[in-house]
Protein chains: 2
Amino acid sequence: MTDEPATERPKPYHHGNLVDELLRVTVEIIEEKGVDQLSMREVARRAGVSPGAPFQHFASKSALLTAVAEQAMQRLVDAVSEAQDEVATEAPLRRLEAIGQGYLRWALANPTHFEVISSRKLIDFASSLTLQAQNDAIRHSMVELLTLAKANGNLPSERDIQELVLACRAYVYGLARMVVDDHFREWQITGEAETVVLRSLNGFITSLSRTG
Amino acid sequence: MTDEPATERPKPYHHGNLVDELLRVTVEIIEEKGVDQLSMREVARRAGVSPGAPFQHFASKSALLTAVAEQAMQRLVDAVSEAQDEVATEAPLRRLEAIGQGYLRWALANPTHFEVISSRKLIDFASSLTLQAQNDAIRHSMVELLTLAKANGNLPSERDIQELVLACRAYVYGLARMVVDDHFREWQITGEAETVVLRSLNGFITSLSRTG
DNA sequence: TGCCGAATCTAAGCATTGATTAGATGGAGC
DNA sequence: GCTCCATCTAATCAATGCTTAGATTCGGCA
């Protein structure tokens with residue numbers, strides 16, 4: 001029934017699967033020209049649909065971006081989780097480092113997606129339980145590993161877990177953000193950023209474990 | 001000559017000092033509703049001038065924001081510099097911490113200004129020698145202090161200065177950004193953020209000085 | 001003092017955007 | 001085969017960044 005001449009498909013009135021197509025096209029544009037260059041109307045245009053159509057499925061631009069953020073965040077969570085699994089048998093602090101590595105590699109490989117996720121003025125983080133759960137998931141594994149490390153006596157005893165979690169988050173987030181915010185023009189030769197950033201992370205983790 | 005009836009000043013055709021007024025008004029709006037809510041036209045409106053007038057002095061919106069950023073950055077540099085001067089007689093690492101404290105306090109007290117400064121997609125950082133010089137100034141004092149600390153034997157010898165500078169920048173920037181990006185809804189009771197963030201900074205500086 | 005050129009501003013307009021609404025269209029279920 | 005409802009179009013609104021032509025005013029020079 002859906003006979004479509006390969007050229008000039010007759011453009012059915014009902015798209016059939018607009019939501020997915022809108023998300024796909026949004027990601028396409030974001031990767032092409034950055035988040036701030038994204039417009040609802042171009043999304044509609046590329047999806048081959050009228051300017052008002054997307055608003056049937058997403059109440060606002062930030063609702064669209066929130067949906068994109070949820071997908072992206074899931075990929076981040078997966079990347080982090082995989083990175084940790086690869087060293088599942090090693091010491092807690094090594095696994096903690098792997099989390100950071102996964103996070104940083106993903107952020108450097110997907111800078112615009114990382115921007116969508118982290119800048120909570122573009123998206124509606126507060127109203128997305130999904131995003132909050134995904135965010136907590138990462139934090140939770142950090143707590144676990146740090147607790148383990150402390151129990152093993154690999155951490156200075158005077159620092160509590162919450163404090164250390166914050167430290168790790170801040171450090172990794174800081175590195176990622178500095179790259180994304182373009183604070184590294186200094187040594188921004190392709191690929192070098194990752195090397196520098198990962199070495200920096202390693203130094204940080206090492207300094208954590210120095211027993212005072 | 002400039003007789004102005006206190007009520008209904010006759011609104012001279014030539015503003016006299018539009019540039020300063022535009023900057024003032026821009027800051028006003030930014031502090032009131034955030035950077036992303038800033039529009040050239042409202043700037044013009046508040047300055048009591050036609051929508052096209054601002055473009056005589058600032059070629060684009062990002063040029064306006066760049067000018068604002070230069071002013072803000074100068075205040076950041078001053079704040080950091082003062083914070084350091086207050087502990088000028090103390091140990092290098094203590095002075096380094098003071099830089100971080102000055103930076104963080106300023107960022108927390110001026111979140112939207114910090115956003116303008118750091119997000120280099122809003123401003124035209126590359127074309128502002130002023131901004132680059134201001135940025136380098138802070139980095140330079142960090143290099144100095146770390147060099148001093150290393151000479152004093154207060155740092156693990158296997159880590160080089162550039163690596164440590166990056167670590168400090170990332171940590172402080174990460175903390176500041178997380179607050180500004182609203183990643184701290186968890187304990188965002190007013191004032192508490194500063195306490196937590198400064199304690200975290202202290203922990204970081206301390207961990208730097210642990211000799212391995 | 002009077003005039004001219006340059007700096008400054010207005011007015012009008014262009015293309016674009018996010019968002020809303022009334023109504024056309026077509027698929028799903030009875 | 002018919003009806004209902006989700007889906008989409010078309011038209012519209014107010015707002016935005018930015019440009020341009022022309023009006024206004026100021027400073028300097030005669």
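The basis for the numbers below is simple: all heavy atoms, side chains too, and nothing from hydrogens, waters or symmetry mates. In what follows, chains carry the letters A, B, and so on, assigned in the order in which the sequence lines appear, proteins first and then strands, with residues in each chain numbered from 1. From a predicted model like this one, the values you see are computed outputs, not experimental measurements.
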Legend entry - Salt-bridge contact Glu32(B)-Arg46(B) (side-chain N to carboxylate O under 4.0 Å): yes

Inset, instruction - Could you check how far CZ of Phe58(A) sits from P of dT17(C), rounded to whole Å? - result: 19 Å

Inset, instruction - Mark yes or no for whether Ser207(A), through its side chain, and Leu208(B), through its backbone, hold a donor-acceptor pair below 3.5 Å. - result: no

Legend entry - Aromatic ring pairing Tyr103(B)/Phe114(B), orientation class (parallel under 30°, perpendicular over 60°, tilted between): perpendicular

Inset, instruction - Among dT7(D), dG18(C), dG13(C), find the nucleotide with the atom closest to the side chain of Arg41(B). - result: dG13(C)

Legend entry - Along DNA chain C (nearest heavy atom to each residue), the more 5'-positioned of Gln56(A) and Ser39(A): Ser39(A)

Legend entry - Spacing between Asn17(B) atom CG and dT25(D) atom C1', to the nearest angstrom: 16 Å

Inset, instruction - Write down the distance between NZ (Lys33(B)) and P (dA15(D)), rounded to a whole number of angstrom. - result: 11 Å

Inset, instruction - Measure from the side chain of Phe55(B), starting at C-beta and using heavy atoms only, and say which of dT19(D), dT10(C), dT7(D) lies closest. - result: dT19(D)

Inset, instruction - Determine: side-chain N/O of Arg45(B) to OP1/OP2 of dA15(D), distance under 4.0 Å, yes or no. - result: no

Legend entry - Contacting residues from residues 59-68 of chain A, given that a heavy atom lies under 4.0 angstrom of DNA chain C: Ser60(A), Lys61(A)

Legend entry - Backbone of Thr112(A) reached by a side-chain donor or acceptor of Glu31(A) within 3.5 Å: no

Inset, instruction - Report yes if a side-chain nitrogen or oxygen of His57(B) is closer than 4.0 Å to either non-bridging phosphate oxygen (OP1 or OP2) of dC9(C); otherwise report no. - result: yes

Inset, instruction - Flag the pair Asp78(A) and Arg75(A) as a salt bridge only when some basic side-chain nitrogen lies within less than 4.0 angstrom of an acidic carboxylate oxygen. - result: no

Inset, instruction - Hey, can you tell me if His183(B) and Tyr173(A) have their rings parallel, tilted or perpendicular (30° and 60° cut-offs)? - result: tilted

